[in-house]
Colleague: 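Have a look at the structure that comes next, please.
Side chains are part of it too, since the values below use all heavy atoms of this structure and drop only hydrogens, waters and symmetry mates. Positions are given from 1 along the sequence.
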Amino acid sequence: MRTTEVLVVGGGSVGLATAVFLSHHGVGTLLVERNVGPQAHPRATGIGVRTAEMLREVGLAGAMDAVALDWSAGALGRVRARTLADLAETAPPAPAVPRQAPYSPVALRGPCPQNRLDPVLLAAARERGATVACGTGLASFTQDEEGVTAVLSTGERVRARYLVAADGVRSGVRAALGVGLTGPGALTEPGQNILFRADLRELVRGRHFVACEITDPAAPGMLVTIDGEKEWVFLTGLDREPAPALIRAATGVPDLEVEILSTLVWRARAQVAERFAQGRVFLAGDASHAVPPLGAFGLNTGVADGHNLAWKLALVLRGEAGPALLGTYDAERRPVASLTMEQALVRTSDPALHWGHGPAAAEARARAGALNAPVVHLGQRYVSAAVIDPRPGLPSAEDVVACLDGSPGSRMPHAWVSEGVSTLDLVRSRFTVFTRRSGGAVWTAEAARLGLDVHAVDLAEIPPGGALLVRPDGYVAWRAEGAPERLGGVLDRLLARGQDG
């Protein structure tokens, strides 16, 4: 029987990212994926700032940037035209896209579809020590107090300490656990997602877009950018034949050379699992939440699941934290998934709430209860036993910087401390203390005794004479107002030392 510390089921973007994060923390990981390799047919294209920060943490910023589309010269969001040819004649040139956000160290060039991202994640998982078995599925599993015993589709038996299910919206693991779903469920009738190859560079030159709604009655649907040149997706109803003639009608180019690569049946869903963990089994990604596509929240929320869980599993497996720490995964990620689903639903009813800019758009979002997209990606806060005195609620629905104020449960504020080095980079995937440059020396001895790094930085969010204790995932665990004597006890509390799981 093969043994591993963590068995990851599902090798899509979320499963692969989870394997990367686990391996980054030194956790022995086996990932099984029933398909023979990464899917050529992308289901998501938008990588958010927070996901890019997580990939930066594990050394993949350059690799992701290399495969992302270069839209630095300009890009549109969602547009609408009778055909793509009509858009080329009527749309103004796309505005330049600012790469560097003031609240993050990452600089996004443009979208990074799954068929570009997944090979990067697969290589990184293997390079960091994970075993990835493609063409191998999960047949069954049982769990007990000590671990999980799984039977693979090959007949091989695997004994793991924990199992992470990233096996999609129809998760077999979730079904086997008997975990129910909340939310409206299916939002649309089934449609088809057609991946095709055609050279559309002349039509989109200077007018790159995320998605273009095609209104021609002969080919109604949504044209989605994959590489912005020769690879595209067309979303339309099942009543249309996925043939070159349909793509020619949608683009408005009668003699266009078209190659249909693949077709998937899909439907938008909004649902969240009733619990994200049961015993030694954890649900992540679409297995735990399905989010409507508008907003590009689904994939990014799933990657954050794996990032949140990986460091907790690592510390428990090493005996540095009590098993009760793992209970904070559901406590932290399920509320985030529910709020994210709700935000995607609000946008689905009025897409302008997502794509709009300026004061008028902000006012419309306020009336509809919609958060600005950066707040959805970065501003949400954790409330759990892994945060001391959390500050729930968002101080701003529009300004993500106001949400990143150093409050316990929020993502650590970003500031440049030297050329190319952010405060987030100083965390280095471990508990870290941040003090002010003046008056921070008192923390050094106590932090050193506990094996923690201390960094003195100029951040207004740090109380004078106090400190921020930041978790390995970059979230503030404790904001100390005074001297460091409590630091050891706080760390024991955060890590559930001496508590039962």
Colleague: Within this structure, what is the CD-CZ distance for the pair E57 and R428, rounded to the nearest 0.5 Å?
Modeller: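 Here the interatomic distance stands at 11.5 Å.
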Colleague: For R34, I'd like to know if atom CZ has over 12 heavy atoms of other residues, nucleotides or ligands within 6.0 Å.
Modeller: no
Colleague: What's the separation between atom CG in L313 and atom OH in Y329, rounded to the nearest 0.5 Å?
Modeller: 9.5 Å
Colleague: So which of E332, R333, R471 actually passes side-chain hydrogen bond (donor to acceptor under 3.5 Å, both in side chains) with Y382?
Modeller: R333
Colleague: Could you give me the CA-CA distance, side-chain angles and deciding distance for R367 and D350, then say whether salt bridge (charged side-chain N to carboxylate O under 4.0 Å, His left out) is met?
Modeller: CA-CA 12 Å; R367 289 193 300 269; D350 183 2; over 6 Å; no
Colleague: Quickly, which of Q39, Q114, R43 forms a side-chain hydrogen bond (donor to acceptor under 3.5 Å, both in side chains) with S13? Name it, please.
Modeller: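 Checked Q39, Q114, R43 against S13; only one passes side-chain hydrogen bond (donor to acceptor under 3.5 Å, both in side chains): Q114.
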Colleague: Is R280 positioned over the aromatic face of Y162, cation under 6.0 angstrom from the ring centre and no more than 45 degrees off axis?
Modeller: yes
Colleague: Ring-plane angle category for F21 and H307, please: parallel below 30°, perpendicular beyond 60°, tilted otherwise.
Modeller: perpendicular
Colleague: Is the number of heavy atoms from other residues, nucleotides or ligands under 6.0 Å of R80 CZ greater than 12?
Modeller: no
Colleague: Assess whether atom CD of E259 is packed by more than 12 heavy atoms of other residues, nucleotides or ligands within 6.0 Å.
Modeller: yes
Colleague: If you draw a 6.0 Å radius around CD in E257, do more than 12 non-hydrogen atoms from other residues or ligands fall strictly inside?
Modeller: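 At most 12 heavy atoms, drawn from other residues, nucleotides or ligands, come within 6.0 Å of this atom.
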Colleague: Applying salt bridge (charged side-chain N to carboxylate O under 4.0 Å, His left out) to R411 and E53, what does each step give before you reach the verdict?
Modeller: CA-CA 11 Å; R411 197 270 268 145; E53 290 177 354; 2.9 Å; yes
